[in-house]
K.L.:
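Supplied in structure tokens, the structure appears directly below.
We name chains A, B, ... by the order of the sequence lines, and we start the count at 1 in each one.
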Amino acid sequence: MALRKASDFFSGICFFLTGVGAVLLSKDYPFGTLRSLGPGFFPLVLGSLLAVIGTILTIRSFYGEIVSMAIPRIRVAAMILGGSLLFGLLIRPAGLVVSIVVMVLAGAAASKELSVATAILTALILAAGSAVIFVYALGLPLPIVGALYSGR
Amino acid sequence: MDLFTNLQTGLGVAASPSNLLYCFIGCVLGTFIGVLPGLGPSATIAMLLPITFSMDPTASLIMLAGIYYGAQYGGSTTAILVNLPGEASSVVTALDGHQMARKGQAGLALSTAAIGSFIAGTIATMVIALFAPTLASIALKFGAADYFSVMILGLLASIVLAQGSLLKALAMIVLGLLAGLVGTDINSGVNRFTFDLLELSDGIDIVAAAMGVFGLAEIIDNLSNPEKRSTYTGAITNLLPTRSQLVRIIGPVLRGTGIGAALGVLPGGGALLSSFASYAVEKRISKEPERFGTGAIEGIAGPESANNAGSQTSFIPMLTLGIPSNVVMALMVGAMIIHGVQPGPAVIREQPNLFWGLIASMWLGNLMLLVLNLPLVGVWVRLLSIPYKLLFPAVMVFTAIGVFSLNNSNFDIYVMVFFGLLGYFLRVVDCEPAPFFLALVLSPMIEQYFSRALMMSRGDLMTFVERPISGTLLASAAILLVLAALPSVRRKRDEALKE
């Protein structure tokens, strides 16, 4: 028996685990009756349904014609998501300018086409532009330089 | 006539200098992001939501709506000139539009798309003005069971539209419904799936989720698959169609408008389905179907009219029932709630200026778009020379600032990153994120109406079948699901949805 549809297999396993997890967690919530539904009713029903669908998908992935799956680009995903995550971590302590520069540089590392000089220039232009547009022109309450520098 | 007084009120609101300006800004932005591949209306609207906080609710809805239908216009320009859909709903336009451009008929293809869209937009606006009030008065009679069933119909319709496996699309809906349960249960006050995170007790912020699933995940996707562009670089001449060409496109335009207007109203419908359906119809009734795919003008006129009509009439369920039929409408609901307007049948009566102003602005916006897209097409074409490598860092910045500004919260950024990861995973395993997101948004309402309906029927599940409106809706949902599962229909669907 060989794996024929990798995407069905991986999604099936994940759906199954999520469904089972939801069912287990829903044990803490009262189920209620049909006449007066408790907070546990929907989680239990939906979790079980997802687990069943996941099981079918997983089993089905061993049959039928072979369908190839796209290879996930871990590095690209890590750079884009990591960059945004850094923005969230830095925005309060370091402020808008620093967090945008860091985020854009991380994001730029995801693309092979951007040279270091272009990346730095893009980051600085975007940081300065955002400060002017969003903070000065539109008045969004964002710290331009963060608490770290203002000593708050 | 009541209708004319209402439209007059609407025009009065929409034609005020500030609203005209916002409508114009929306249309320009919409065309802009429509032309740029890799940047869609959902991400743009989510990015701009925080900026609209300080605006008047009518003005902000007028602007956001302009972005949505403006994107349909802009998307066709890219489809025709670059053979790359600027928007998903322009996929079929690329089939014949780019072939026409290669034959030196780029100008004709562009004007056909713009004129078709304009006619469709005008008619669809009238359709909304005529039918929305009627539907809203029917909706006032809707009970909890009926609301539940209409949302189920919407979710199942979005399965039928999803590409690929039906089972996976169903899993997407169930997963979305589960994710929508996160937070405090309104009835019992129990915190569900919050993992002791205080920030999750209000539930998942839908804008942050949308930016992750549709913003970040799309950037990753685009960077992983470097695009192959074949840009048409020749001069664009003969923008105005001749009389005989006009006669030739009027049939497809009107049929496309009808198809789009009808399918747009359906929950789960909208611009995408409409354009596919119209292309299929034009090919079916054509005397020379073999011309399609090699530059048939009908293959542009029909779908382009249909996607514009569909994008406009998809406002109907949102404005009359408060139920979003697609991702953009879900964000519009979010925008209305931010401004203290509860979408639903009461909007027409309680906020006539907002309702009719929005509708009238759509017509004015379509007029602006016709001007923006035909004489100024050269400006937009130059946009296409912006490389994606310079575009995506800007999108990252706008996304992050937009999400952070929603509630001034770092946590929303983390939610966005989580959903970005989820969205990318779903793309890798061939699952469509749109049904997932729609289910996430509808989930709290579905649970509430389901439990309220059962409370009123004293626990009798038959209430969903026995009530005439609810029964009809559920029966349609069942038929839809059976049809989609039939092998012959599935093959047709796969063919139609295939790029």
K.L.:
Could you name each residue pair satisfying salt bridge (Lys or Arg N to Asp or Glu O under 4.0 Å) that touches residues 111-137 of chain A, not counting sequence neighbours?
P.N.:
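Matches after skipping sequence neighbours: none remain.
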
K.L.:
Is B:S451 in contact with chain A via its backbone, its side chain, both, or neither, using a 4.5 Å heavy-atom distance?
P.N.:
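Both backbone and side chain of B:S451 come within 4.5 Å of chain A.
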
K.L.:
Between B:L181 and chain A, which part of the residue has a heavy atom less than 4.5 Å away: side chain, backbone, both or neither?
P.N.:
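Contact with chain A is through the side chain of B:L181 alone.
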
K.L.:
Quick one: what part of B:L461 sits under 4.5 Å from any heavy atom of chain A, side chain, backbone, both or neither?
P.N.:
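Just its side chain gets close to chain A.
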
K.L.:
Between B:T399 and A:S84, is there a side-chain heavy-atom distance shorter than 4.5 Å?
P.N.:
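No, side chains not in contact.
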
K.L.:
With side chains defined as the heavy atoms from C-beta onward, is the minimum distance between A:R73 and B:L223 less than 4.5 Å?
P.N.:
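A:R73 does not reach B:L223 side chain to side chain.
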
K.L.:
Could you go through the side-chain contact (heavy atoms from CB on, under 4.5 Å) check for A:D8 and B:L167 one step at a time?
P.N.:
CA-CA 10 Å; A:D8 279 16; B:L167 195 60; over 6 Å; no

K.L.:
Could you walk me through whether A:R60 and B:S165 satisfy the side-chain contact (heavy atoms from CB on, under 4.5 Å) test, starting with their C-alpha distance in whole Å, then the side-chain angles of each, then the deciding distance to 0.1 Å, before giving a yes or no?
P.N.:
CA-CA 12 Å; A:R60 217 179 58 170; B:S165 146; 3.6 Å; yes

K.L.:
Relative to chain A, which segment of B:M172 carries a heavy atom at a distance below 4.5 Å: side chain, backbone, both, or neither?
P.N.:
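Side chain only.
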
K.L.:
I need the residue from B:M416, B:K168, B:M455, B:R452 with the largest number of non-hydrogen atom pairs under 4.5 Å to chain A.
P.N.:
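If we count pairs closer than 4.5 Å to chain A, B:K168 comes out on top.
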
K.L.:
Need one label for B:I220: side chain, backbone, both or neither, based on atoms under 4.5 Å from any heavy atom in chain A.
P.N.:
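Contact with chain A is through both the backbone and side chain of B:I220.
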
K.L.:
Does the side chain of B:I401 reach to within under 4.5 Å of the side chain of A:L96, using non-hydrogen atoms?
P.N.:
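In contact.
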
K.L.:
Would you call the rings of A:F41 and B:F450 parallel, tilted or perpendicular, where under 30° means parallel and over 60° means perpendicular?
P.N.:
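Parallel: the ring planes of A:F41 and B:F450 meet at under 30°.
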
K.L.:
Of all residues at least two apart in sequence or in a different chain, which pass the salt bridge (Lys or Arg N to Asp or Glu O under 4.0 Å) check with B:D412?
P.N.:
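Counting only residues at least two positions away or on another chain, B:D412 forms no salt bridge (Lys or Arg N to Asp or Glu O under 4.0 Å).
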
K.L.:
Please state whether the side chain, the backbone, both or neither of B:D221 comes within less than 4.5 Å of a heavy atom of chain A.
P.N.:
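No part of B:D221 comes within 4.5 Å of chain A.
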
K.L.:
Side chain, backbone, both or neither: which part of B:F195 has a non-hydrogen atom closer than 4.5 Å to chain A?
P.N.:
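B:F195 touches chain A through side-chain heavy atoms alone.
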
K.L.:
Select one option (side chain, backbone, both, neither) describing which atoms of B:V428 are under 4.5 Å from chain A's heavy atoms.
P.N.:
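Answer is both: backbone and side chain atoms of B:V428 are under 4.5 Å from chain A.
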
K.L.:
Looking at chain B, which one of A:F15, A:F10, A:F9 has the largest number of heavy-atom pairs inside 4.5 Å, strictly under?
P.N.:
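Max contact count across the listed options: A:F15.
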
K.L.:
Quick check on B:M456 against chain A: is it the side chain, the backbone, both or neither that has a heavy atom closer than 4.5 Å?
P.N.:
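Neither part.
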
K.L.:
If you tally heavy-atom pairs under 4.5 Å against chain A, which of B:V403, B:V417, B:D185 wins?
P.N.:
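That would be B:V417.
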
K.L.:
Can you check whether A:P39's main-chain N or O pairs, donor with acceptor, with B:R192's side chain at less than 3.5 Å?
P.N.:
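Yes, because the side chain of B:R192 sits within donor-acceptor range (under 3.5 Å) of the backbone of A:P39.
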
K.L.:
Is B:N408 in contact with chain A via its backbone, its side chain, both, or neither, using a 4.5 Å heavy-atom distance?
P.N.:
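Both the backbone and the side chain of B:N408 come within 4.5 Å of chain A.
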
K.L.:
Does any backbone or side-chain atom of B:F418 lie under 4.5 Å from a heavy atom of chain A? Answer side chain, backbone, both or neither.
P.N.:
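No part of B:F418 comes within 4.5 Å of chain A.
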
K.L.:
Go through the steps for B:L390 and A:T118 under the test side-chain contact (heavy atoms from CB on, under 4.5 Å), then give the verdict.
P.N.:
CA-CA 9 Å; B:L390 292 183; A:T118 327; 4.2 Å; yes

K.L.:
Please identify, among B:A217, B:A400, B:G420, the residue contributing the most non-hydrogen atom pairs under 4.5 Å to chain A.
P.N.:
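Going by pairs under 4.5 Å, I would pick B:A400.
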
K.L.:
Check whether B:F392 gets within reach of chain A through its side chain, its backbone, both or neither, counting any heavy atom under 4.5 Å.
P.N.:
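For B:F392, the contact with chain A is made by the side chain alone.
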
K.L.:
Among A:L81, A:D28, A:L142, A:T18, which residue forms the greatest number of heavy-atom pairs with chain B at distances under 4.5 Å?
P.N.:
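Top option by heavy-atom pairs under 4.5 Å: A:L81.
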
K.L.:
Checking B:S409 against chain A: side chain, backbone, both or neither under 4.5 Å from a heavy atom?
P.N.:
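The backbone, not the side chain.
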
K.L.:
Where on B:F193 is there a heavy atom nearer than 4.5 Å to chain A: the side chain, the backbone, both, or neither?
P.N.:
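Answer is both: backbone and side chain atoms of B:F193 are under 4.5 Å from chain A.
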
